[in-house]
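These notes are about the structure you will find just below.
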There are 2 protein chains.
Amino acid sequence: MGRCVLTEHGEDHVRERAMSRAATIKDVARRAGVGVATVSRVLSGSGPVSPATRDRVLAAARELEYRPSALGRGLKTRRTGTLGLVVPDVTDPFCAELAAGVLECARTFGENVLLDAAHDDPEREAEIVDRLVEQRVDGIIAVSAGEGTAWEAAMRAGVPVVFADRAPAGPPQAPTVLADDAAGVRAAVEYLVGLGHRRIGFLGTTAADTGVREETFRATLAERGLAVREELLVRARPQRDSAFAAAAGLLQSRPDMTAVLAATHLLGEAAVLVARELDLRIPADLSVVMVDDVPWAELCDPPLTAVARPGRRIGYQACEVLLRDPARRDRSRPVVLAAELVIRGSCSPPAGLSGGTARSARTR
Amino acid sequence: MGRCVLTEHGEDHVRERAMSRAATIKDVARRAGVGVATVSRVLSGSGPVSPATRDRVLAAARELEYRPSALGRGLKTRRTGTLGLVVPDVTDPFCAELAAGVLECARTFGENVLLDAAHDDPEREAEIVDRLVEQRVDGIIAVSAGEGTAWEAAMRAGVPVVFADRAPAGPPQAPTVLADDAAGVRAAVEYLVGLGHRRIGFLGTTAADTGVREETFRATLAERGLAVREELLVRARPQRDSAFAAAAGLLQSRPDMTAVLAATHLLGEAAVLVARELDLRIPADLSVVMVDDVPWAELCDPPLTAVARPGRRIGYQACEVLLRDPARRDRSRPVVLAAELVIRGSCSPPAGLSGGTARSARTR
DNA sequence: CCTCGGTGTGGAATCGTTTCCAATACGCTC
DNA sequence: GAGCGTATTGGAAACGATTCCACACCGAGG
């Protein structure tokens with residue numbers, strides 16, 4: 001038939017593609033000599049089909065390289081097989097880990113994931129949600145920054161929402177999956193206090209998400225009979241430069257502080273870098289604990305003690321809550337996943353206790 | 001009208017949502033007393049509409065909280081406003097950075113991004129591509145692991161593909177955006193040689209993507225008149241444990257090696273950790289350079305000298321190539337973005353030259 | 001011989017948009 | 001006042017799937 005039998009198949013494809021566009025179910029039906037309904041039945045595995053017809057349809061589909069269109073299907077079935085994931089920032093290791101969890105779980109359900117980053121901007125977040133609704137996603141998983149209004153709109157539009165890692169303050173009633181930040185911070189503070197620290201600093205953010213961390217910090221100190229010294233609590237905006245400024249301010253002006261708890265890995269990074277700049281040795285001059293056990297914690301010298309929050313599992317579970325058993329989704333309180341204090345080398349008893357050298361915080 | 005004027009609006013919404021499902025263009029048309037065509041014209045801004053009608057339609061749309069369905073629109077226009085992004089692993093800082101670039105650019109074009117991770121598994125990659133084609137994405141950006149066959153299928157199906165960061169070996173002819181790995185590695189090797197190093201190790205991977213790095217490593221050594229010593233070249237699989245094993249093997253068995261180039265940040269991490277374990281001081285006993293300037297490079301002690309590859313810009317550009325001017329996309333050679341050697345504190349002249357202390361590589 | 005209950009099968013409606021095309025009305029010019 | 005271009009507008013046909021419903025066929029039971 002063709003001049004070159006070996007490449008005939010390939011030529012076929014090229015010609016078909018080049019001329020008409022992608023094959024539709026109608027093309028398959030025609031080629032197999034059956035009706036579209038039958039093709040649909042074969043491909044979706046529903047309804048009775050005789051083995052002979054099935055084979056013909058399957059063959060036709062293969063020959064045409066037929067791929068059902070998610071658009072056509074979604075229009076009819078009202079499901080897109082896609083869900084939305086909104087995070088503050090993909091390059092944040094914690095968010096990335098969470099996203100990996102979502103991806104992993106979504107995959108087991110055969111769902112796709114539409115990702116976007118809101119950069120802690122409520123307005124941008126609202127716009128993203130709008131677009132996700134427009135895409136008719138089957139659900140949204142959100143590490144939310146803004147207030148609830150955007151999410152309320154989504155839920156009104158019939159799109160289920162699950163919050164991950166951060167519980168929004170506002171009214172939107174939606175299932176939530178969180179890390180047990182309180183327990184983590186409590187463990188960290190108690191660890192420091194147990195080592196003998198009395199003047200412990202706190203680096204937090206103005207964003208809502210470190211709120212419980214700060215509260216727990218205060219509460220634990222109080223429980224242990226230690227006064228909370230307001231001048232040791234500093235808050236930064238969630239940007240890198242702001243974190244630095246905050247850390248610099250705290251470390252420079254409080255020479256009697258012997259330990260610091262960074263409520264965020266960005267703040268932990270800032271603390272480490274500023275300490276190095278100020279020639280403060282960790283842990284001899286300053287003990288450091290950080291929330292979020294990002295990969296570099298172990299690479300630091302000394303390796304950083306940190307509160308490990310299970311980002312991947314949070315993402316996985318959030319996705320599971322969203323997709324499994326949507327009926328039971330609405331009632332039920334937040335899922336809380338354990339956080340764990342990973343003790344490494346960045347904390348020691350304070351200088352006075354251990355007999356270490358007096359600290360030298362020269363401001364060059 | 002309502003018993004409580006203040007909440008009437010809200011009740012309206014609830015009732016409408018609870019009963020019927022989301023408003024369609026037909027609902028808007030009816031409410032505004034116009035035809036669907038007119039609504040479409042108003043909302044998409046095409047065609048002439050009288051100001052009065054426009055206002056009525058806009059009002060109706062607002063009252064109904066109407067959101068056009070991307071499904072219906074996509075079916076008709078053959079564009080989904082969504083593109084696919086396939087990376088090896090979202091939690092990898094470089095991939096995350098690249099993804100952020102894609103997100104950023106896609107946003108300026110009003111496109112959504114469907115993300116998935118192939119985990120360096122060609123089979124999985126093929127499956128992902130299949131799903132993206134089924135979703136009828138407008139294009140795919142790929143940091144590909146597998147051979148070209150999956151990508152060929154996508155392109156046959158009419159989905160444009162752009163490769164980012166890695167050029168696939170196979171036949172699939174598609175635009176590509178790369179970092180100038182060769183220049184980066186060359187700069188790194190020359191830097192080490194310039195410092196006086198003669199016995200330089202290389203940690204690479206079995207994956208194809210470090211191929212040019214190894215070649216350039218060899219070539220640069222040769223140019224500088226240095227023999228390439230095969231026993232100093234080690235390759236690991238792209239998993240963490242394999243990287244460790246490779247680093248351990250190299251550092252332990254080659255006590256005369258004075259510097260090492262890690263072709264990957266995972267390998268750099270392994271090198272640093274193994275060196276610490278072996279009580280090798282960096283840079284006194286061993287100089288270390290790594291490809292990919294991940295955030296922790298600066299946090300290391302000493303901070304790591306690294307080849308910075310512009311992940312974000314690669315992603316941004318890949319997306320731009322995909323979306324802007326699709327005609328000119330096909331011809332034209334790969335876009336190559338500069339990589340830069342960022343010199344920090346992990347390299348110094350070898351011990352023999354600088355008069356440093358003799359190294360003590362005890363294997364405890 | 002005639003119903004009856006299945007089994008396969010195809011036609012046609014439907015999902016929510018865009019867009020072509022025809023129809024209407026309006027303001028001019030001649 | 002007729003003719004005509006132009007500004008608006010609505011109806012209807014796609015787009016590509018699923019699915020309801022009707023129909024044909026066939027062996028069994030009355």
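Predicted, not measured: the structure shown is a model, and the values here were computed from it. We name chains A, B, ... by the order of the sequence lines, and we start the count at 1 in each one.
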task: May I ask you to say whether B/Glu97 pairs ionically with B/Arg312, meaning some side-chain N is under 4.0 Å from a carboxylate O?
output: yes
- prompt: Should A/Glu104 and A/Arg313 count as an ion pair when the cut-off is N to O under 4.0 Å?
  reply: no
- prompt: Which residues pass the side-chain contact (heavy atoms from CB on, under 4.5 Å) test with B/Glu111, sequence neighbours left out?
  reply: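 Listed in chain order: B/Arg79, B/Leu83, B/Ala106, B/Phe109, B/Asp138, B/Leu323.
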- request: Name all residues meeting the side-chain contact (heavy atoms from CB on, under 4.5 Å) criterion together with B/Arg166; count only those two or more places apart in sequence or in a different chain, and write none if there are none.
  value: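 For B/Arg166, the residues satisfying side-chain contact (heavy atoms from CB on, under 4.5 Å) (neighbours in sequence not counted) are B/Pro88, B/Asp120, B/Val143, B/Ala145, B/Asp209.
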query: A/Gln317: what forms a side-chain hydrogen bond (donor to acceptor under 3.5 Å, both in side chains) with it, not counting sequence neighbours?
result: none
- request: Starting at CG of A/Leu75, measure out to CG of B/Leu75 and round the result to the nearest 0.5 Å.
  value: 6.0 Å
query: If you round to the nearest 0.5 Å, how far is CD1 of B/Ile128 from CG of B/Leu114?
result: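 Atom-to-atom, B/Leu114:CG and B/Ile128:CD1 are 10.0 Å apart.
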- prompt: Using rotation axes that map the C1' atoms of four end pairs onto the next four (five pairs an end), what angle separates the end axes of the helix from C/dC1-D/dG30 to C/dC30-D/dG1, to 10°?
  reply: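 Taking five pairs per end, the axes differ by 70°.
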- prompt: When the distance from CZ of B/Arg79 to P of D/dG16 is rounded to whole Å, what number comes out?
  reply: 16 Å
Quick one: side chains of residues 47-61 of chain A, donor-acceptor pairs under 3.5 Å with protein atoms, not counting sequence neighbours, listed by atom name and distance.
unit_1	atom_1	unit_2	atom_2	d
A/Ser50	OG	A/Thr53	N	3.3
A/Ser50	OG	A/Thr53	OG1	2.3
A/Thr53	OG1	A/Ser50	O	3.4
A/Arg56	NE	A/Ala32	O	3.1
A/Arg56	NH2	A/Ala32	O	3.0

message: Output one letter per nucleotide in nucleotides 16-27 of chain C: B when a protein non-hydrogen atom lies under 4.0 Å from the base, S when only the sugar-phosphate is that close, - when neither is.
response: BBBB--------
